[in-house]
2 protein chains.
Amino acid sequence: MARTTGSDGEKTEAAVREAAVGLIARLGYEAMSMRQLAAEVGVQAAALYRYFPTKEDLLFTLMREHMEGLLEAWNAARPAAAEPAARLAAYVENHIAFHIARRHATHVSNMELRSLSPERLTRILKLRTAYEKELRAILRDGAEAGIFKIDDVGLTAMALIQMMTGVIVWFRPGERLSIAEVTATYLSMTMRLVGAKIDAHSAARRHAKDAVAF
Amino acid sequence: MARTTGSDGEKTEAAVREAAVGLIARLGYEAMSMRQLAAEVGVQAAALYRYFPTKEDLLFTLMREHMEGLLEAWNAARPAAAEPAARLAAYVENHIAFHIARRHATHVSNMELRSLSPERLTRILKLRTAYEKELRAILRDGAEAGIFKIDDVGLTAMALIQMMTGVIVWFRPGERLSIAEVTATYLSMTMRLVGAKIDAHSAARRHAKDAVAF
DNA sequence: GAATTAATAAAACAAACGTTCAATTAATTC
DNA sequence: GAATTAATTGAACGTTTGTTTTATTAATTC
């Protein structure tokens, strides 16, 4: 056989992307074979090479689009020129919402960096650094304004990002906590961690107060 | 050729373990070949099978010993029956010291879980859960005593562990910050995050005050 | 409806993989 | 110093890997 009835390049490519994110997140990039991926899509392995010249190209595409999406989401969500506490709250909310919504893709972007060629690794890391820089700027502004109490801006930024991204490790939609509850609790922890003076977060917590429990 | 002069089973096995931790941390378990590992040790691939019956046995051994070592380290470091704040400080200090000292092994234990068989995965996760349970107990005691201000004990425990373990991602020995400085800053962030009332941490920070900088 | 383009299958490729086996030599025991 | 045990090599096994090539069919264009 050859071309199948109803076959459509765009749809197939989208199906490949989706299946690849799921398989790589579950099995790991190295452990996923192109035949396995093809079977998941319902196609022969050779057909994949019409859309991605190599396996690594596929991985890189997934990662790049994920990181670009993260930056775009932040650029859309960032407050115009607000005070540091509100900006930090927006950053936390955007980060958690984005990462929970794209758990698998985040897994891939964080875990499979070592499978990229040096040049491509650099490109992904640049995007990541640009994103982290936004957080550092917020923390610095807040510290200089005396609103935050921070020992080391760089270190605090890394700690916050690790803490927030860690959500994807244990969070499962539809279990004990809702996304709103998780977000509210993380926002509260973040504000305490940076020693926020004004309770800019208590306002944000108001509409998710039932989250408080242990 | 066959047995080489000066060859010693114990030394070879130790060399295999060490090389494997380094290679798996750098390349990933699936990406590391047994031939590559053997070359690093200075031996033929077949020789590895004298010490580990399969590649997965090797991975499991590394992970199990790492997790057991973590629990042993905490059992040796835990205060007898102190107040929650001091216990939490001890937990944080032990966690960071252990993970920085064994960065590569931690990387392996955290990233390669999916390469284990279901039964072995369960065994490793049991060890991890036991370790996390210790932190939850401290947080619960502190919250009940009114010393900590915590919304959700389970969620806070996960957030703290993710935050602390994240150190191994960016920390490089001999760079800007010393281990003592990093530990002091993380301890301070932890105490703020859990809303510690009494400044039990300020005492611990006293002997690493120069860490404060950004 | 013929010609062209798009999308796929089927088969094959060399290379690399984890692992096994038999042979061989060093170290140890008696 | 002969016999035994410990440690390793070198070659081979069957599979699986990512990828390429060629042929074939569906959809589109003219």
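A, B, ... follow the sequence lines: proteins, then strands. Residue 1 opens every chain.
Nucleotide dG18(C) is matched to dC13(D) when pairs are restricted to Watson-Crick or G-U wobble geometry with both distances under 3.5 angstrom. Searching all strands for a Watson-Crick or G-U wobble partner of dT29(D) with both distances below 3.5 Å returns dA2(C).
When the P atom of dG18(C) is taken as reference, atom OH of Y29(B) falls 8 Å away, rounded to whole Å. Counting to the nearest Å, the P atom of dG18(C) and the CD atom of E30(A) are 11 Å from each other. Atom CZ of F52(A) is separated from atom P of dA7(C) by 14 Å (rounded to the nearest Å). If you measure from atom CG of L37(A) to atom P of dT19(D), you get 12 Å, rounded to the nearest angstrom. Atom CG in L48(B) sits about 13 Å away from atom P in dT20(C), given to the nearest Å. The distance from atom CE of M32(A) to atom P of dG18(D) is 7 Å, rounded to the nearest whole Å. Between the CG atom of L58(B) and the P atom of dT19(C) there is a distance of 10 Å, given to the nearest Å. Residue Y49(A) contributes atom OH, which lies 9 Å from atom C1' of dT20(D) at whole-angstrom precision.
The side chain of A46(A) approaches dA10(C) more closely than any other nucleotide in the set dG18(D), dA23(D), dA10(C). Considering only the side chain of R35(B), dA12(D) comes nearest among dA12(D), dT8(C), dT8(D). Nearest nucleotide to the side chain of A2(B), out of dT25(C), dT20(C), dA9(C): dT25(C). Checked against dT8(C), dG18(C), dT19(D), the side chain of M34(B) finds its nearest nucleotide in dG18(C).
Heavy-atom distances to DNA chain C give each of T5(B) and R50(A) a nearest nucleotide, and the one nearer the 5′ end belongs to R50(A).
The phosphate of dT8(C) (OP1 or OP2) has no side-chain N or O of Q44(A) nearer than 4.0 angstrom. Contact annotation: S33(B) reaches the phosphate of dC17(C) (side-chain N/O to OP1 or OP2, under 4.0 Å). Between dA7(C) and T12(A), no contact under 4.0 Å exists linking OP1 or OP2 to a side-chain N or O. Within the structure, a side-chain polar atom (N or O) of Y51(B) is placed less than 4.0 Å from OP1 or OP2 of dT8(D).
Counting all heavy atoms, side chain and backbone alike, E112(A) lies closest to Y29(A) at OE2-N, 3.2 Å.
Side chain of S188(A) to backbone of A184(A): no donor-acceptor contact under 3.5 angstrom is found.
With salt bridges taken as basic N to acidic carboxylate O contacts below 4.0 Å, none links R64(A) and D57(A).
Among I24(A), V43(A), L58(A), L27(A), the single residue meeting the side-chain contact (heavy atoms from CB on, under 4.5 Å) criterion with L37(A) is L58(A).
Ring pair Y131(B)/H95(B): centre-to-centre distance below 6.0 Å.
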